[in-house]
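Beneath this line is the structure, given in structure tokens, with notes to follow.
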Amino acid sequence: MSDHRFDPSQADGRWQRAWEEAGTFTADSDSAKPKSYILEMFPYPSGRIHMGHVRNYTMGDVLARYQKMRGHEVLHPMGWDAFGMPAENAAMEKGVHPGEWTRANIAQMKAQLKRIGFALDWTREFATCDPEYYGHEQALFLDLYEAGLVYRKESTVNWDPVDMTVLANEQVIDGKGWRSGAEVEKRKLNQWFLKITEFADDLLEGLGSLEDWPEKVRLMQENWIGKSQGLEFSFDLSNGGKLPVYTTRPDTIFGASFCAIAADHPIAQGLGDDADVAAFIEQCKRGGTKAAEVETAEKLGYRTAITARHPFTGEALPVFIANFVLMEYGTGAVMGVPGHDSRDFEFATKYDLPIARVVASDPAQADAPFEGEAEAGDGVIVNSDFLNGMTVEAAKAAVIARAEAEGWGEGRTVWRLRDWGVSRQRYWGTPIPIIHSPDHGPVPVPRDQLPVVLPEDIDFSEPGNPLDRHPTWKHTTCPISGKPALRETDTLDTFVDSSWYFLRFASQPADKPFDPEEVAKWLPVKHYIGGVEHAILHLLYARFWTRALAHLGKIDVKEPFAALFTQGMVTHETYSRNDAARGVPVFFAPEEVRRNAEGVSLIADGEAVDVGRVIKMSKSKKNVVDPDAIIAKHGADAVRWFMLSDSPPERDLPWSDAGIEGCARFVQRLWRLFQAYDVEATGEDRALERKTHQTIAAVAADIEALGFNKAVARIYELTGATEKAAPSASRSAAIRALMHLVAPMMPHLAEEAYSAIGGGGLIADAPWPEVDPALLVDDEVTIALQHMGKLRDTVQAPKGASKEDLEALAMASANLQRSLGGAPIRKVIVVPDRLVNIVT
RNA sequence: GCGGGUGUGGCGGAAUGGUAGACGCCGGGGACUUAAAAUCCCCUGAGCUUUGCUCGUGCGGGUUCGAGUCCCGCCACCCGCACCA
């Protein structure tokens with residue numbers, strides 16, 4: 001070793017080529033080794049890799065390289081979630097074809113990923129916009145269709161009345177269309193749905209087996225599926241009709257003071273001839289479809305002339321049309337119990353309806369007043385006839401039993417989970433392989449006509465769905481009658497694309513979506529890593545597809561991801577100035593500002609800028625740092641090391657220039673230490689040997705638990721200890737161990753050093769160092785000496801010393817004796833190898 | 001609004017109910033150098049009457065010989081909410 005500095009600008013590329021030429025990371029399905037499938041959520045090809053990707057993929061990369069060192073055959077693939085709205089937006093704004101734009105982005109991002117040196121099997125790469133991929137997806141869609149898991153129904157969308165187009169939730173800003181600024185309306189369209197609810201129970205049940213998923217994600221999915229037991233019953237109406245309602249709180253039925261129905265409920269629609277009712281229903285249509293908007297909107301109601309007869313008291317309850325009742329959930333109608341439901345409370349207060357107490361902390365509190373809000377908690381039932389004195393649970397059962405016995409209602413399980421609407425009125429997605437025949441209705445496209453390929457010649461100059469406007473594409477013939485027919489012009493939700501891509505990575509036959517035998521070899525994924533923002537939708541949909549395919553007998557796994565890890569975001573502080581003229585902040589990028597002793601100033605004019613909070617990197621706040629620039633400056637290993645250091649992986653990682661510079665310094669520091677490797681050195685250093693073996697074991701445990709920041713800290717410690725040690729065989733062994741320990745994290749540096757000492761072959765192919773268990777335990781420990789739990793002294797003791805010996809050592813401490821001050825000792829607590837605590 | 005999470009020095013964080021602040025960054029002092037960079041060494045939670053003591057893990061209570069950790073009640077911030085991916 002002669003170079004004084006490690007030069008990533010030439011080493012990075014050299015080793016990346018070496019791995020590629022050797023096929024080091026190409027997964028061999030036929031290998032006899034144990035298999036590990038390591039997967040990170042594949043990226044949307046937005047154009048540039050961002051730090052969030054780098055963090056996500058670095059974590060997966062460390063696991064993949066580590067598992068390989070541990071003798072596993074590793075599958076670590078990469079591909080592109082390539083359909084979606086940004087490509088269409090680019091088409092509208094810049095006049096580029098979505099396909100061209102996407103392909104160019106993929107090429108650019110792939111080159112970026114390669115420069116970071118990830119251990120990826122690029123032979124399995126694909127993009128979801130490849131006709132081959134989405135053709136197989138169409139076949140799977142038809143499989144589900146034929147199995148009765150696909151159907152069509154009306155559903156509400158955000159409608160922009162000016163642009164005459166359907167808007168995504170993110171395109172609705174404050175209830176207005178993002179381009180037109182027009183107030184968005186709710187509109188009904190016929191759309192395709194997947195019957196995810198058919199698997200609701202199984203999806204819920206399956207959560208219990210996912211032990212290596214974060215508890216919080218399982219909880220979120222559980223709440224999302226939202227299994228609830230309740231009562232469905234019908235009110236007799238004053239107009240002779242019936243009103244079926246569903247409630248999860250039948251125990252509070254004596255507290256009901258009104259009924260509320262959705263604006264699109266048949267009864268409400270039936271009253272639509274009345275101008276006031278029609279106007280109110282119109283009003284309810286305004287605003288977007290987002291849950292957060294619907295639920296924070298002011299509760300509005302229209303009191304109809306109809307009343308509902310209470311099944312027990314016979315009282316006539318007013319029936320309202322209300323904007324907070326959703327037709328999609330339950331029966332689209334509720335009984336309002338203001339005392340014990342916060343929405344009902346707000347509504348009753350506004351419309352001056354009675355608020356009765358039917359649950360109290362104890363029977364003596366039966367007439368306690370409410371303190372400005374509903375009480376949804378547990379208690380005993382009061383003011384409720386035959387339910388009085390029961391617990392909430394018992395009363396629920398009693399009401400359901402009574403309703404069933406008397407035949408006016410029955411217990412029912414209701415799910416919050418709704419069927420998955422997969423129709424999108426857009427171009428850049430998988431065409432839904434259905435033909436609408438004038439004689440036979442919707443008919444599947446015959447399998448031999450798949451894939452239904454998107455037309456290339458499209459026009460984005462007008463709003464609306466380009467597929468629908470295309471002059472010829474949708475015109476075809478009915479597969480049954482041969483008569484002219486129209487293609488479905490909706491495309492599939494891009495979540496469908498990401499619901500089975502992990503199966504395609506495991507096997508890529510040309511004639512079918514995947515090979516079940518290959519899938520069986522690799523699945524389930526051993527570690528699946530991605531952002532917590534996917535905790536519910538993507539992960540639930542992927543679990544659903546896997547189940548549905550297992551249900552059809554196509555694969556033999558139900559849960560695709562054995563272990564899930566959700567990593568935090570990469571954040572950065574923001575720099576801004578308030579634009580007085582427009583009253584909004586103007587943001588500056590990190591490279592536009594300079595930080596010095598006085599603070600942060602704009603390079604352009606030298607004047608100060610406001611330093612804002614540390615938040616997620618985003619283009620709109622300009623607080624982004626481009627990985628390419630950083631790699632060019634510091635090398636891939638420094639960036640990878642930064643991604644793993646300091647912050648626990650599940651938490652946010654604040655980017656800082658000082659931090660990356662520290663990492664780059666550490667790369668050089670290790671390089672200097674590696675140069676001190678001396679194969680001929682002799683002599684033992686027991687303490688360093690111990691430290692080395694303890695570190696190897698601890699780093700392995702930390703990596704397996706994804707505690708990368710802790711592994712990094714251990715490596716720093718061993719580095720420091722090794723630097724300080726005098727030359728010896730033990731020191732050379734420590735240096736060699738360090739090369740292997742950092743190999744998954746700083747692979748370029750590790751290869752360079754390994755080759756320089758003549759390690760032989762690639763360190764990427766070398767095994768993880770062995771640990772001598774005898775060296776893992778220390779023979780001396782530090783004992784804390786406490787008085788009343790306060791530290792007074794510490795003392796060294798042999799490991800495993802007896803309680804009596806430890807107590808004697810404690811009593812010999814002058815500091816402890818001074819604290820005791822001769823007070824009588826009431827108790828002595830001795831924790832072996834830890835502490836002695838004297839209680840006086 | 002509903003669901004989920006997070007909170008420890010100037011900063012990122014560490015800590016099976018048992019020595020709070022490992023490790024890193026920043027900062028201060030020193031060495032080397034004609035000088036700088038690089039590198040190396042030392043210090044670095046606050047306070048005090050400084051052999052040592054007191055306070056200190058978002059806030060207020062509690063359990064315990066002992067609480068960052070367990071329990072109860074708050075506060076602040078972040079994420080998700082079904083057409084962003």
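Residue numbers start from 1 in every chain, and the chains themselves are labelled A, B, ... in the order their sequence lines are given, proteins ahead of strands.
For the P atoms, the distance linking B/A20 with B/G45 amounts to 15 Å, nearest Å. The gap from the C1' atom of B/C32 to that of B/C42 amounts to 15 Å, rounded to the nearest Å. One C1' atom belongs to B/G21, the other to B/A46, and the distance between them is 13 Å to the nearest Å. B/G7 and B/C26: their P atoms are spaced 25 Å apart (whole Å). Between the P atoms of B/C77 and B/G29, the separation comes to 39 Å (whole Å). Distance check on atom P: B/G18 versus B/U69 gives 11 Å, rounded to whole Å. With both ends at atom P, the span from B/C11 to B/G58 equals 13 Å, rounded to whole Å. Rounded to a whole angstrom, the distance from the P atom of B/G68 to that of B/C81 is 37 Å.
The separation between A/H787 atom NE2 and B/G18 atom C1' is 16 Å, rounded to whole Å. As rounded to whole Å, 11 Å separates atom P of B/U39 from atom CD of A/E723. Rounded to whole angstrom, the span from the CZ atom of A/F666 across to the P atom of B/C23 amounts to 13 Å. Protein atom OH of A/Y716 is 6 Å distant from nucleotide atom P of B/C25, rounded to whole Å. Atom CG of A/L537 is separated from atom C1' of B/C79 by 13 Å (rounded to the nearest Å). Atom-to-atom, CG of A/L718 to C1' of B/A22 comes out at 15 Å; the value is rounded to the nearest Å. One atom, CZ of A/R834, and another, P of B/A15, lie 12 Å apart when rounded to the nearest Å. Atom CG in A/L539 sits roughly 14 Å away from atom C1' in B/C79 (whole-Å rounding).
In this structure, A/L653 and A/D81 both approach RNA chain B, and ranking their closest nucleotides by distance from the 5' end singles out A/L653.
Both distances falling under 3.5 Å, in either a Watson-Crick or a G-U wobble arrangement, place B/G73 opposite B/C59. Applying the Watson-Crick and G-U wobble criteria (two distances, each under 3.5 Å), B/G24 pairs with B/C11. In a base pair of the Watson-Crick type (N1 to N3 plus N6-O4 or O6-N4) or a G-U wobble (N1-O2 and O6-N3), with each distance short of 3.5 Å, B/U39 is matched with B/A31. Nucleotide B/C65: paired with B/G18 (Watson-Crick or G-U wobble, both distances less than 3.5 Å). Nucleotide B/G1 has B/C81 as its partner under the Watson-Crick or G-U criteria, with both atom distances under 3.5 Å.
Using a 4.0 Å cut-off between a side-chain N of Lys or Arg and a carboxylate O of Asp or Glu, A/K710 and A/D702 do not qualify as a salt bridge.
Across all strands, A/V828 comes closer than 4.0 Å to no nucleic acid atom at all (heavy-atom distances). Residue A/H534 is classed as a base contact, given a heavy-atom separation below 4.0 Å to a base. Note on A/S645: nothing from the nucleic acid sits closer than 4.0 angstrom, heavy atoms only. Within 4.0 Å of A/K710, counting heavy atoms only, lie sugar-phosphate atoms of the nucleic acid but no base atom. Residue contacts shown for A/E717 are limited to sugar-phosphate atoms, with no base heavy atom under 4.0 Å away. Base engagement by A/S423 is indicated by at least one non-hydrogen atom pair under 4.0 Å involving a base atom. Residue contacts for A/G421: at a heavy-atom cut-off of 4.0 Å it reaches the sugar-phosphate backbone alone, with no base atom in range. Nucleic acid contact class of A/F324 (heavy atoms, under 4.0 Å, all strands): none. Within the nucleic acid shown, A/Q191 comes within 4.0 Å of at least one base atom, counting heavy atoms only. A/R672 comes within contact range of the sugar-phosphate backbone alone, with a heavy-atom separation under 4.0 Å but no base atom that close. Across all strands shown, A/P43 has no heavy atoms under 4.0 Å from either base or sugar-phosphate atoms. Among the atoms of the strands shown, base atoms are found under 4.0 Å from some heavy atom of A/T782.
Taking only side-chain atoms of A/L835, from C-beta outward, the nucleotide of B/G18, B/C23, B/A14 with the closest atom is B/G18. Distance from the side chain of A/P654 is smallest to B/G12 among B/A85, B/G12, B/U16.
Dashed line: the shortest gap from a side-chain N or O of A/N169 to OP1 or OP2 of B/A82 is under 4.0 Å. Taking side-chain N and O atoms only, A/R416 has no distance below 4.0 Å to OP1 or OP2 of B/A82. A/R665 has a side-chain polar atom (N or O) that falls below the 4.0 Å cut-off from OP1 or OP2 of B/C26. Using a 4.0 Å cut-off, no side-chain N or O of A/R418 falls inside it from OP1 or OP2 of B/A82.
For A/Q171 against B/C84, a side-chain-to-base donor-acceptor contact under 3.5 Å is absent. Checked by distance alone, A/E661 brings no side-chain donor or acceptor within 3.5 Å of a matching partner on the base of B/C26.
Side chains of A/D160 and A/S180: a donor on one and an acceptor on the other come within 3.5 Å. Side chains of A/D81 and A/S498: no donor on one and acceptor on the other come within 3.5 Å. Residues A/N623 and A/W655 bring no donor and acceptor atom of their side chains to less than 3.5 Å of each other. A/S813 and A/D793 form a side-chain donor-acceptor contact under 3.5 Å, judged by distance and modelled atom types alone. Using a 3.5 Å distance cut-off with no hydrogens or angles, the side chains of A/S819 and A/R792 do pair a donor with an acceptor.
Residues A/F42 and A/Y501 bring their aromatic ring centres within 6.0 Å.
For the pair A/R5 and A/W671, the cation-pi test (distance below 6.0 Å, angle within 45°) is failed. Judged by a 6.0 Å distance limit and a 45° cone about the ring axis, A/R152 is positioned over the six-membered ring of A/W192.
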Sugar-phosphate or base contact per nucleotide [nucleotides 1-9 of chain B; S, B, -; heavy atom under 4.0 Å]:
B-SSSSS--

Going 5' to 3' along nucleotides 52-75 of chain B, which nucleotides have protein heavy atoms under 4.0 Å from the base (write B), which only from the sugar-phosphate (write S), and which from neither (write -)?
SSSS---------B----------

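Atoms CZ and CZ, from A/R543 and A/F199 in turn, are 12.0 Å apart once rounded to the nearest 0.5 Å. A/D497 CG to A/T128 OG1: the interatomic distance, rounded to the nearest 0.5 Å, is 4.5 Å.
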Could you check A/I529 against A/Q567 for side-chain contact (heavy atoms from CB on, under 4.5 Å), going step by step and ending with a plain yes or no?
CA-CA 7 Å; A/I529 310 176; A/Q567 103 272 4; 4.1 Å; yes

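Checked against A/F83 for a ring-ring contact (aromatic ring centres under 6.0 Å, His included), the options A/Y427, A/Y134, A/Y133 give a single hit: A/Y134.
Take A/H340 and apply the ring pair (Phe, Tyr, Trp, His ring centres under 6.0 Å) test, not counting sequence neighbours, and it matches A/F370.
Shown here, B/G62 is classed anti by the O4'-C1'-N9-C4 or O4'-C1'-N1-C2 angle, which is more than 90° from 0.
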